[in-house]
Structure formats: C-alpha cells, structure tokens
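Worksheet: one structure, shown below.
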Amino acid sequence: MHNRNLHLWQHDHAFAQDQKRPGEARTILVLALTGTMMVVEIVAGIVFGSMALLADGLHMASHAAALGIAAFAYIYARRHARDDRFSFGTGKVNALGGFTGAVLLAVFALLMASESLERFVYPVAIVFDQAILVAVLGLLVNGLSVVILGHRRHREHFTEKGDPNVGHAHHDHDHNLRAAYLHVLADTLTSLLAIFALGAGKYWGLIWMDPLMGLVGAVLVARWAWGLLRLTSAVLLDRQGPEPLRQAIKNSIEEDADNRVADLHLWSVGPGIYAAIVSVVTHDPKPPDYYKKLIPPGLGLVHVTVEVHRCSAEDHPEEVRARAVMDETVRAAD
C-alpha cells in the first residue's frame with residue numbers, strides 16, 4: 001500500500017478543542033472586570049489611606065490570578081488542539097485549569113480561616129461605614145461576574161445517573177469554567193457574609209460576628225474546592241468513565257450474537273467527551289468496525305479502539321457442548 005493512501009484511515013485528535021468554547025469569552029470578560037476593580041481599589045486605598053480598600057483590592061488580585069489561569073487554559077487548549085505531542089488532543093488542559101483553580105480556592109479558604117481565627121484572638125478596630133461600602137461595591141461587581149459566568153453554564157450531558165442516551169441530567173463538564181465560577185462565587189459569598197457581619201457589628205455591637213462569618217465562608221469555600229479537586233483529579237488520572245455509560249457500551253455489543261466484552265477502558269479526554277478501548281471475545285469474529293457500529297451514537301465517544309479475539313472450543317468446552325445439544329435439538333424438531 002502506498003503511503004499516500006494512509007490518510008483514508010487517519011484522523012486528527014482535536015475533537016473540536018480547536019473551537020472557542022463559550023466559557024472563554026465570559027472568563028476573559030470577568031477577568032477584565034475583576035482586574036479593573038482590583039486596580040481601582042488598590043489605587044483608592046493608597047491615595048485615601050484606606051486599609052479596607054487596599055485589603056479588598058489585594059484580595060481581588062488573588063482571584064484575578066485564578067481567572068487569568070482559567071483564561072490561559074482556554075487559549076492554550078484551543079491553539080494547541082492539533083499539536084501531535086498530545087495523544088488525545090488538549091481536552092485535559094481544561095481539567096488541569098480547573099484543578100489549579102481548585103488548589104487556589106483551597107489556599108484561599110485556609111487564608112480566610114487563618115485570618116478569622118487571628119481576629120478572634122486579636123480583634124482590630126473596624127471602620128464600619130467604609131468597610132460596608134467596600135463590601136457592597138464588591139458584592140455588585142462579583143454578583144455581575146457570577147451572572148456572566150453562570151449564564152447557560154449548565155448544559156445537557158451524560159452523567160452518573162439516568163439514561164445515557166437521553167442526557168436529561170444537568171451538570172457542568174467544563175471544569176475550567178467551573179473553577180472560575182466558584183472563584184467569583186466565593187467572592188460574592190465573602191461580600192454577603194461581610195455585609196451581614198459588619199451590619200451586626202455596627203448596629204448591635206456584635207464584633208465577633210466578623211471573624212465568625214469568615215470561618216463560615218472558609219468552610220463553604222473549602223467544600224467547593226474539595227468537590228472540584230475530586231472531579232478534576234479523576235479526569236487527570238484517567239479514572240474509569242461513568243458506570244452507566246460503560247454498561248451501555250457493553251450491552252450494545254453483547255446483545256449481538258454471542259459477543260462478550262472481556263475488557264473495557266473508558267476515560268475522559270475533554271469536557272463531555274470520552275475515549276474507549278473495548279476487548280471483544282466471540283466465536284465468529286468480525287472486523288472491528290462491525291462492533292463500533294453496534295455502539296449507539298450520542299454517548300460522547302470520540303475515539304474507540306476495538307480488539308477482537310476468537311473464542312475457541314478449548315476456551316469454553318461447556319458452552320460449545322451446550323451449543324451442540326441445542327443445535328441437535330433444533331435439527332430433531334425439524
């Protein structure tokens with residue numbers, strides 16, 4: 001066979017990762033919004049000598065860095081989608097961006113908890129009016145960011161529950177966008193808790209509410225970070241795909257003739273897409289494409305490899321004898 005004919009059996013591994021994802025533009029927009037607010041607060045804090053403004057500006061800088069990582073992950077994955085150095089494309093860059101964002105969320109939660117505990121032991125004087133103004137301003141900016149990143153963030157896909165062919169459950173496969181979303185959501189939560197605590201301190205003298213709300217926020221952010229770490233690490237470590245999807249693949253092949261699936265590997269190679277290696281054992285082997293066509297469409301499979309093995313009489317003598325008896329029974333009936 002001439003090399004020029006090999007293209008008939010070859011395909012790229014971009015799997016649409018070279019296309020701009022909806023979350024990319026929204027993340028960049030929120031990054032610009034957060035970065036602008038960060039600069040305004042830091043400059044205002046320095047000019048007016050306000051520690052509250054300066055502290056909140058530096059706090060927003062940490063989330064601007066996380067959003068910057070998310071934006072970089074989108075751009076990098078898109079621009080290198082057809083790079084041959086990536087065996088299955090750059091889909092996992094999305095999970096890597098989400099994992100990095102989750103780590104930063106965990107660090108942020110620890111800093112919140114540490115600062116709150118220190119405030120319990122060493123209370124500081126609070127300029128309530130100025131602090132409330134900063135918290136309200138932060139709430140408005142972060143609330144707008146949540147709306148931008150949360151818009152149509154959930155889409156139909158295959159999940160651990162439900163019929164894989166229907167995709168009626170809603171959850172987000174875009175871990176990078178989820179990380180960015182959780183960062184701005186954490187900022188929004190912090191602003192809400194701060195307004196509540198500062199109001200309690202100003203009007204009822206409950207100064208201890210400020211560090212207490214800080215601890216509550218730290219616990220919630222830590223839970224979000226842990227959940228995102230579990231999701232993204234499973235993708236990065238090639239954990240087996242959802243059991244219902246694996247069962248759907250197995251059933252579609254075993255329902256035909258006497259096929260049996262001896263081995264099945266299913267793993268995520270990008271947001272909502274999977275690769276699979278299926279080992280089929282049968283008495284009457286057919287070309288791999290035959291078994292690929294048995295798998296129903298719509299399962300998110302973008303790369304399927306099928307191994308076919310002939311099952312001889314020596315492998316399953318009991319099954320062969322049973323078949324012989326059945327055939328003899330059929331012939332006798334005829």
Side-chain angles (χ1 to χ4, degrees), residues 3-28 31 65-105 149 153 155 157-160 164 171-183 228-242 245-246 249 263-279 288-289 291-292 295 297-307:
N3 288 336
R4 64 175 179 271
N5 294 327
L6 286 177
H7 73 277
L8 298 174
W9 289 270
Q10 294 175 332
H11 61 273
D12 66 49
H13 294 79
F15 306 133
Q17 299 303 314
D18 55 338
Q19 301 174 13
K20 183 175 288 189
R21 299 185 68 83
E24 180 179 336
R26 298 204 292 271
T27 299
I28 293 175
L31 173 60
L67 290 169
I69 290 173
F72 173 79
Y74 277 125
I75 296 170
Y76 184 90
R78 177 164 51 83
R79 292 183 176 178
H80 293 80
R82 298 185 182 278
D83 191 330
D84 291 338
R85 293 176 298 176
F86 296 95
S87 297
F88 291 96
T90 54
K92 285 191 179 181
V93 173
N94 182 283
L96 182 59
F99 183 85
T100 306
V103 171
L104 291 177
L105 266 179
L149 290 180
R153 190 174 61 89
R155 62 183 179 81
H157 78 295
F158 182 89
T159 61
E160 294 275 350
H171 185 69
D172 191 7
H173 268 303
D174 191 338
H175 300 306
N176 195 38
L177 179 60
R178 182 170 176 79
Y181 178 80
L182 287 179
H183 273 281
L228 187 55
L229 282 171
R230 289 183 60 190
L231 285 172
T232 53
S233 61
V235 174
L236 295 173
L237 295 174
D238 290 333
R239 182 179 175 180
Q240 282 279 30
L245 177 53
R246 296 175 65 224
I249 296 171
D263 198 16
L264 172 60
H265 298 278
L266 176 73
W267 70 99
S268 172
V269 294
I273 57 177
Y274 299 89
I277 298 177
V278 187
S279 179
D289 280 346
Y291 301 97
K292 289 182 182 180
I295 302 174
L299 299 184
L301 298 175
V302 294
H303 194 285
V304 179
T305 302
V306 176
E307 302 173 351

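The first residue of the sequence shown is numbered 1, and numbering continues consecutively from there.
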- Any pair with a residue in residues 67-78 that passes salt bridge (Lys or Arg N to Asp or Glu O under 4.0 Å), sequence neighbours left out, goes on the list, sorted by first then second residue, please. Glu24-Arg78
Gap between atom [atom2] of [Y] and atom [atom1] of [X] - 0.5 Å precision:
X      : Y      : atom1 : atom2 : answer
Leu182 : Leu104 : CG    : CG    : 12.5 Å
Leu236 : His175 : CG    : NE2   : 8.5 Å
Phe99  : Leu237 : CZ    : CG    : 8.0 Å
Lys92  : Thr232 : NZ    : OG1   : 12.0 Å
Trp267 : Gln240 : CH2   : CD    : 9.0 Å
Leu67  : His183 : CG    : NE2   : 7.0 Å

[X] and [Y]: which non-hydrogen atoms are nearest, and at how many Å?
X      : Y      : result
Gly97  : Ala179 : O-CB, 4.4 Å
Val93  : Ala73  : CG1-O, 3.5 Å
Arg246 : Gly241 : CD-O, 3.4 Å
Asn176 : Ala70  : ND2-O, 2.7 Å

Within a strict 4.5 Å, meaning less than it, do heavy atoms of the [X] and [Y] side chains meet?
X      : Y      : value
Asp174 : Arg178 : no
Leu266 : Leu301 : yes
Glu307 : Pro288 : no
Asn94  : Tyr74  : yes
Gln17  : Ile273 : yes
Thr27  : Leu149 : yes
Arg239 : Ser233 : no

- Message: With side-chain contact (heavy atoms from CB on, under 4.5 Å) as the criterion, how do Asp83 and Thr90 come out once you've worked through the C-alpha distance, each side chain's angles and the decisive distance to 0.1 Å?
- Response: CA-CA 8 Å; Asp83 191 330; Thr90 54; 5.6 Å; no
- Backbone of Ser279 reached by a side-chain donor or acceptor of Asp263 within 3.5 Å: no
- Query: Does His265 reach the main-chain N or O of Val278 with its side chain, forming a donor-acceptor pair under 3.5 Å?
  - Reply: no
- Query: Of Val302, Asp238, Val235, which meets side-chain contact (heavy atoms from CB on, under 4.5 Å) against Val269?
  - Reply: Val302
- Those residues at least two apart in sequence (or on a different chain) that pass side chain to side chain donor-acceptor pair (under 3.5 Å) with His80 are none
